[in-house]
Each structure stands twice: as C-alpha cells, then as structure tokens.
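Quick notes on the structure that follows.
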Amino acid sequence: QWIESGPHLMMFPKDPAALSDAFTSDFSLGEPYTMFPGTDFAHLMIPASGYYGEETTLSPEELLDLLMSPPYIYILAALVLLLASGALAGGRGGSKAGTQLA
C-alpha cells in the first residue's frame with residue numbers, strides 16, 4: 001500500500017517523539033501534522049498548495065503574503081526555533097543518515 005499525497009515538505013526530527021507533543025496527527029486540518037506518530041518513522045508533513053487536490057497557482061508575491069500571515073508565520077517561526085535548537089535533522093527520502101541542519 002502506498003500513501004498518495006500532493007506537494008508537501010517533510011521534516012525528520014532527531015527525536016521523533018518530540019513531534020507528538022507539538023503537532024496534531026490529523027491530516028485533514030490543512031496544517032502541518034505528524035505522520036506515523038509514535039514510531040521511529042514519525043515525521044512532520046507540511047502541506048503545500050495543491051496538497052488536497054485543489055488547483056491553486058500563486059505568484060511569488062502571493063506566496064510570500066501567504067507565508068507571512070497567520071498561521072504560516074507561526075509555523076515558520078516554530079521551524080526556525082526547532083532548527084536553531086538542533087531538534088530537526090535533514091535528509092533525503094527519510095534516510096537516518098541525514099545531514100544535521102543546526
């Protein structure tokens with residue numbers, strides 16, 4: 001079985017358990033959520049425009065306006081804090097050999 005979803009960003013924390021306290025696991029809310037909570041494969045899913053199948057095209061200016069408005073500005077601020085604290089690790093394809101971002 002495959003999980004199919006639209007455009008999104010995934011962030012893999014060094015400690016997957018940290019996500020369950022900070023983010024919901026409900027993917028239908030249209031906000032970042034934890035996928036596979038409570039497992040070693042838990043990661044943060046950040047839906048982008050078109051994630052739910054809607055056809056949306058934003059200009060760069062519209063995208064910037066969107067990202068600077070609530071709730072996205074709060075999500076960006078939280079991600080910056082998580083990166084600065086070293087709580088998130090980057091990588092490709094969920095590899096455990098990710099590159100440390102902070």
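Because the structure is a prediction, the values reported are computed rather than measured.
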Query raised in the report: Roughly how far, to the nearest 0.5 Å, is CE of Met11 from OG1 of Thr34?
Result: 12.5 Å
Query raised in the report: What pairs with Phe27 under side chain to side chain contact (heavy atoms under 4.5 Å, CB included), at least two apart in sequence or on another chain?
Result: Tyr33
Query raised in the report: Does the side chain of Thr24 come under 3.5 Å of the side chain of Asp26 through a donor N or O and an acceptor N or O?
Result: no
Query raised in the report: Can you tell me how far the CG atom of Leu29 sits from the CZ atom of Phe23, to the nearest 0.5 Å?
Result: 13.0 Å
Query raised in the report: Shortest non-hydrogen contact from Pro13 to Ala42?
Result: CD-O, 3.9 Å
**Report entry** Between CE on residue Met45 and CE on residue Met10, distance to nearest 0.5 Å
**Finding:** 6.5 Å
